[in-house]
2 protein chains.
Amino acid sequence: MSPLDRSSDRAIYRQIADDLRADIRTGAFGPGDRLPSESDLVARYGVNRRTVQHAFGLLIAEGLVYSEHGSGRFVQGRPPVRRLASDRFARRHRRAGQAAFTVDMEQAGRVYDPRNDVEMLDLRVGAPPDRIEDRIGDGPVLIRSRRYIVEGLPLQLATSYVPLDVAEGTAIMSADTGPGGIYARIEENGHRLTRITEDVTVEVAAEGVQRLLRLPVGAPVIHLVRTAYAGERAVEVCDTFMNATAFELSYELPAR
Amino acid sequence: MSPLDRSSDRAIYRQIADDLRADIRTGAFGPGDRLPSESDLVARYGVNRRTVQHAFGLLIAEGLVYSEHGSGRFVQGRPPVRRLASDRFARRHRRAGQAAFTVDMEQAGRVYDPRNDVEMLDLRVGAPPDRIEDRIGDGPVLIRSRRYIVEGLPLQLATSYVPLDVAEGTAIMSADTGPGGIYARIEENGHRLTRITEDVTVEVAAEGVQRLLRLPVGAPVIHLVRTAYAGERAVEVCDTFMNATAFELSYELPAR
DNA sequence: AAGTGGTCTAGACCACACG
DNA sequence: GTGTGGTCTAGACCACTTC
């Protein structure tokens, strides 16, 4: 730890954040370690508690640290999962019985078991919300909301919308969609997928999302809307919120 | 404006943020409008100034509001630019003399002139940094750093690395790369592009990036690393930081 | 000069976690 | 109970913008 430079242009809270960041990067504090408490740092630097909190606010926003009320602040673990968009939907994976998320986690070397680590939040027939209706039409759809938990941390919320006539009579209607996931069932039902689009934005997590992903207030999330087409028809829209610090999205484009 | 509910579980600063957010969404304050000052809100809600600041902190993190020291806080304008990744590198655009960024801005209806709105930050021959060397090899490269300004706002920083033998003798070496941009010149020089990869992460802006993009402290940026291949060889790596609230990334994938 | 936001201090009450 | 972080108040000094 370096002493504070009170005469510096750099704000005190930033200097403290710099110190802690350096300690984490050099490995003085490893993943999962508890960082010094607010009162420790107040004593060490001779500053106010709010100033220490301000410093932690930065590190938390950076995804380097997380806070547990009543317990302490800890170094965030694992690096991002690389999500190979152009490979994860490959038919060969579906044939091998693997859904896309499982492919990602396996390639990232994470411990993930689709039988235990997916929570069904909602499963019903209904009308699509407005911004999904633009993509999939206004007929009745099957709505599947689920939360993916990896190594104890919720990484992703996904809500799939499938036109009822596409889903009906398949395992898409039930909690367990079977090997290869939704896309395998859609293709078995006679809709051969031709192309998939993904639209990616970065947003600050709304309150529901923030709570379900166990994120700090103000944390960014990746909002990804995927649309799968069979010919000209959209046969699935998947609305996904991902922990922004936990993923790297990887795409391959043709150079037409 | 609704009154505060002091007995609510919802923190005061969040209630104030909710109020202001609603006023912006309903259009009570439009793009570019100045919001009430801290002292206005202190008087209106009967809270401390720090609490008002905390509320603004959320709205700023959301990209809804920006702050000008000494002047006030203002409603952030324009919606995100949709960046059609699968189309923007199409050869037909290069043939038409348009670089990828120009294609995006034109499709988004933004006022942008590549002759005035690109600042060259760096243009030299050197060694690639480590994380780029992994992609492009350790030979000498041409390094081009530029900042893209749209309607007065810096939206993107991009640093291109091109192996010197690919760039030499072309307009890539000079400030103005000519119609169709770098990729047009690379292809003219005998390297036909075969594929492009893009790796996307979300990060909190480091200080240099934050200043150059005129972002608030702690703001998220999209970090996009694009690699262009001619056959097996990487002929350009472009390291890009984008204002995360200003872009929507749009991809199309084959359903192989 | 007056108004604005940026930062910092001092002190307080609360909710949550852990032993 | 004790320690932890979450929130709020009161007051202060500073830097920047505008008139």
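In what follows, chains are A, B, ... by sequence order, proteins preceding strands, each numbered from 1.
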What about B:R50, does its side chain sit under 3.5 Å from the base of D:dG11 through a donor-acceptor pair?
no
Please find the pair of heavy atoms, one from A:L142 and one from A:R124, that lie closest to each other, and give the distance.
CD1-O, 3.5 Å
Need one value for A:F56: base, sugar-phosphate or nothing, where a base atom within 4.0 Å counts as base even if backbone is also close, heavy atoms only.
nothing
I need the CG-C1' distance between B:D5 and D:dT7, as an integer number of Å.
16 Å
Mind calculating the distance between CD (B:E38) and C1' (D:dG11) to the nearest angstrom?
14 Å
Nearest to the B:Q53 side chain among C:dG6, D:dC8, C:dC8, which nucleotide is it?
C:dG6
B:F56 six-ring centre to B:R73 NZ/CZ under 6.0 Å and within 45° of normal
yes
Measure the shortest side-chain to side-chain distance between A:Q15 and A:L20 over non-hydrogen atoms and say whether it is less than 4.5 angstrom.
no
Note: for A:G46 and B:D40 on DNA chain C, the residue whose nearest nucleotide lies more 5' is B:D40
What does A:E68 touch in the nucleic acid at a heavy-atom separation under 4.0 angstrom: a base, only the sugar-phosphate, or nothing?
sugar-phosphate
Round to the nearest Å and state the distance from A:H69 atom NE2 to D:dG5 atom C1'.
5 Å
At under 4.0 Å between heavy atoms, what does A:R73 touch on the DNA or RNA strands: base, sugar-phosphate, or nothing?
sugar-phosphate
Rounded to whole angstroms, how far apart are CZ on A:R211 and C1' on D:dG6?
17 Å
Please tell me which of the listed nucleotides, D:dA15, D:dT4, C:dT9, lies nearest to the side chain of A:V47?
C:dT9
From the list C:dA15, C:dC13, C:dT7, which nucleotide is the closest neighbour of the side chain of A:R49?
C:dC13
Closest listed nucleotide, where the reference is the side chain of A:S37 and the choices are D:dT7, C:dT7, D:dG5
D:dG5
Rounded interatomic separation in angstrom, taking CG from B:L41 and P from D:dT9:
13 Å
Nearest-Å distance, CZ (B:R34) to P (C:dG5)?
6 Å
Under 4.0 Å between a side-chain N or O of B:Y13 and OP1 or OP2 of D:dC8?
no
Using distance alone, with no hydrogens and no angle criterion, decide if B:T201 and A:E248 have a side-chain donor and acceptor under 3.5 Å apart.
no
Counting heavy atoms from C-beta on, name the nucleotide in C:dC8, C:dG6, D:dT7 closest to the side chain of B:S67.
C:dG6
Rounding to a whole Å, what distance do you find between A:I12:CD1 and C:dT9:P?
7 Å
Closest nucleotide among C:dA17, C:dT9, D:dT9 to the A:S71 side chain
C:dA17
Can you check the A:Y45 OH to C:dT9 P distance for me, whole Å?
13 Å
Does the B:T26 side chain pair with the main chain of B:A22, one donor and one acceptor, at a distance under 3.5 Å?
yes
